[in-house]
Amino acid sequence: MADQYDLIVLGSGPGGYVAAIRAAQLGLKVAIVERERLGGICLNWGCIPTKALLRTSEIYHYMQNAGSYGLSADNVAFDLAKVVDRSRRVAGQLNAGVKGLMKKNKITVVEGVGTITAPGKLCVDRRDETVELVAKDIIIATGARARDLPFAKADGERIWTYRHAMTPTVMPTKLLVIGSGAIGIEFASFYSDMGVDVTIVEMLDRILPVEDADVSDFMLKALTKQKMTILTNSGVSKIETSADGVKATVKVNGTDEVRDYSHVIVAIGIVPNTENIGLEALGVTTAKGGNIETDPYGRTNVEGIWAIGDVTGAPWLAHKASHEGVIAAEKMAGYAGVHPMDKANIPGCTYSRPQVASVGFTEAKAKELGHEVRVGKFPFIGNGKAIALGEAEGFVKTVFDAKTGELLGAHMIGAEVTELIQGYVVARQLETTETELMQTVFAHPTLSEMMHESVLGAYGRAIHF
């Protein structure tokens with residue numbers, strides 16, 4: 001007899017485990033299937049452990065610049081094994097936390113490789129046995145994996161994906177990072193702050209290409225000031241590894257150059273995990289690239305089959321996956337007032353030095369969509385808290401519709417902006433206009449005052465700049 005459930009969730013990342021918890025809260029009997037570790041890539045190999053590493057490099061940077069704060073720190077050094085161990089312990093702690101949440105919410109955890117054999121039926125290969133699960137609904141939350149270079153497969157020795165980059169056994173001396181999205185920039189920032197000579201190669205004309213152009217320009221200057229080498233409009237066509245390092249053929253200004261590095265990180269995007277889970281037999285519709293197509297509630301074209309998170313395409317963000325999980329669980333449970341996903345209100349964050357955060361449309365995109373815009377921009381150097389922190393580099397930029405006052409987008413670069421962006425996210429969710437933002441009282445002294453000043457600046461009313 002197959003085990004009977006109301007919902008089976010395939011994959012336990014930030015989309016899958018959140019969907020399982022919300023469904024259980026709504027009274028559904030839930031099983032979750034995981035082939036590796038509860039928490040998925042984000043918790044075990046992505047968002048969380050990378051932030052632990054970045055915290056280490058941030059502190060190391062401050063220690064090396066202690067004199068700027070009137071302090072002394074001699075013979076500053078690090079133990080790479082302990083740095084990596086701390087990151088892994090952080091991930092382990094949160095993995096244990098997810099296990100506790102599954103138990104608390106009476107969710108059945110089934111370890112093994114799951115395959116959907118028919119609508120409402122899923123078989124789990126547990127090595128020594130095969131278990132059949134049956135449910136009215138199935139949520140696919142299988143996530144994604146790093147995309148390889150076809151001519152240079154990651155080997156864990158000289159050519160790394162993000163997994164290898166967060167568990168190094170040796171520190172690179174000269175590192176090539178291919179790709180300048182959030183993952184590439186974060187690892188470049190970590191290794192550079194730890195003393196590594198870093199080169200970033202980006203095939204497009206600017207780094208962080210999904211961000212506002214002003215943010216990309218500022219980041220280019222910031223990373224160059226940190227002595228990183230940034231090559232835009234460039235690409236890598238060949239990589240040869242040896243016991244001594246890597247020879248990479250890099251196209252610079254239209255000319256191929258062979259450059260030597262100790263290691264390479266490939267950060268050119270991700271591939272959805274849609275193979276061998278039964279999609280073809282079910283007739284689930286996928287888009288070019290393999291992403292599963294869904295409606296704004298997570299429903300696929302096959303009755304009872306849902307999909308959430310990275311497997312459904314951009315933006316590839318943990319918080320997007322979690323929110324989609326809640327929406328799908330509530331929709332299938334018949335919860336009143338379920339709202340569809342609005343991807344324009346999903347914030348994006350890059351935890352580099354400096355940090356980057358944004359929500360909504362860039363200035364260029366807003367104009368492309370036909371908006372007449374008003375733009376406000378306020379620099380960190382005009383903020384007392386930023387100066388006191390010794391973090392006076394960066395800016396906050398807001399984009400409004402000139403006719404309606406709608407907040408179309410917000411873009412930040414500088415210290416702790418990943419904590420600030422949520423204010424603008426809430427504002428967009430509430431459909432706030434410039435009037436409410438101008439009339440809001442911001443605490444002093446705080447970095448958040450720059451958000452207020454940027455709004456005021458869009459209407460010629462900035463006070464401190």
Side-chain angles (χ1 to χ4, degrees), residues 1-41 98-99 102-103 105-145 271-287 290-295 297-313 321 324-335 338:
M1 287 288 292
D3 294 335
Q4 300 276 339
Y5 296 91
D6 297 311
L7 168 65
I8 303 166
V9 182
L10 182 58
S12 72
Y17 86 75
V18 169
I21 290 173
R22 184 62 185 130
Q25 288 175 343
L26 293 170
L28 302 187
K29 183 181 179 183
V30 182
I32 192 164
V33 178
E34 174 55 54
R35 67 182 182 182
E36 291 187 30
R37 290 168 59 87
L38 287 172
I41 293 298
V98 174
K99 289 180 181 178
M102 296 298 99
K103 184 177 180 180
N105 289 280
K106 297 180 174 59
I107 296 164
T108 300
V109 177
V110 183
E111 296 179 353
V113 178
T115 305
I116 306 171
T117 55
K121 291 185 179 181
L122 188 145
C123 285
V124 184
D125 182 356
R126 304 188 66 182
R127 294 183 184 176
D128 57 341
E129 64 175 339
T130 298
V131 177
E132 186 176 75
L133 310 179
V134 175
K136 178 178 178 292
D137 292 292
I138 296 174
I139 292 179
I140 300 169
T142 47
R145 63 189 182 277
V271 180
N273 294 322
T274 53
E275 305 94 339
N276 304 317
I277 60 173
L279 297 187
E280 296 83 3
L282 291 170
V284 173
T285 302
T286 57
N291 297 315
I292 298 174
E293 294 187 351
T294 68
D295 71 5
Y297 298 98
R299 294 176 294 205
T300 71
N301 64 304
V302 177
E303 183 71 23
I305 304 295
W306 308 64
I308 61 174
D310 287 355
V311 79
T312 66
E324 286 180 328
V326 171
I327 291 171
E330 291 182 347
K331 191 68 175 178
M332 70 178 61
Y335 188 75
V338 184

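Note: hydrogens, waters and symmetry copies are ignored here, and every other heavy atom, side chains too, is used.
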Between L28 and K136, is there a side-chain heavy-atom distance shorter than 4.5 Å? no

Please name the pair of heavy atoms, one in C123 and one in T117, separated by the smallest distance, quoted to 0.1 Å. SG-CG2, 3.8 Å

Please tell me if the side chains of T294 and E324 come closer than 4.5 Å, counting only heavy atoms from C-beta onward. no

If I take atom CH2 from residue W306 and atom CD1 from residue I327, how far apart are they, to the nearest 0.5 angstrom? 10.5 Å

Check this for me: R35, atom CZ, are more than 12 non-hydrogen atoms of other residues, nucleotides or ligands nearer than 6.0 Å? no

Nearest-0.5 Å distance, NZ of residue K121 to CG of residue L282: 12.0 Å

Determine whether M102 and I21 satisfy the following criterion, side chain to side chain contact (heavy atoms under 4.5 Å, CB included), listing intermediate values before the conclusion. CA-CA 7 Å; M102 296 298 99; I21 290 173; 3.7 Å; yes

For the backbone of T285 and the side chain of N301, can you confirm whether one donor and one acceptor N or O come within less than 3.5 Å of each other? yes

Only residue of L38, V109, V33, T142 satisfying side chain to side chain contact (heavy atoms under 4.5 Å, CB included) with S12 is L38

Is the count of non-hydrogen atoms from other residues, nucleotides or ligands lying under 6.0 Å from E303 atom CD greater than 12? no

Write down the atom of T115, the atom of G278, and the distance for their closest heavy-atom approach. CG2-N, 4.0 Å

Does T130 reach the side chain of V124, with side-chain heavy atoms less than 4.5 Å apart? no

Nearest atoms (heavy-atom pairs only) where V311 meets I140: CG1-O, 3.9 Å

Nearest 0.5 Å please: distance from the CD atom of E132 over to the CG atom of D3. 9.0 Å

Shortest non-hydrogen contact between A321 and G309, atoms and distance: CB-CA, 3.5 Å

Closest non-hydrogen atom pair, G39 against P14: O-CD, 3.8 Å

Measuring from K29:NZ to I8:CD1, what's the distance to the nearest 0.5 Å? 10.5 Å

Taken to the nearest 0.5 Å, the spacing of T274 OG1 from N291 CG works out to 8.0 Å

Sub-4.5 Å side-chain heavy-atom contact between T286 and I292: yes

In V30, T108, V134, I107, the residue satisfying side chain to side chain contact (heavy atoms under 4.5 Å, CB included) with Y5 is T108

Could you tell me whether Q25 atom CD has more than 12 heavy atoms of other residues or ligands within 6.0 Å of it? yes

For the student: nearest non-hydrogen atoms of I277 and G114, plus distance: CG2-O, 4.0 Å

Output the distance between atom CD1 (I308) and atom CG (L10), rounded to the nearest 0.5 Å. 10.5 Å

Heavy-atom side-chain contact between K331 and D295 under 4.5 Å: no

So with a 6.0 Å cut-off around OH of Y335, is the heavy-atom count from everything else above 12? no

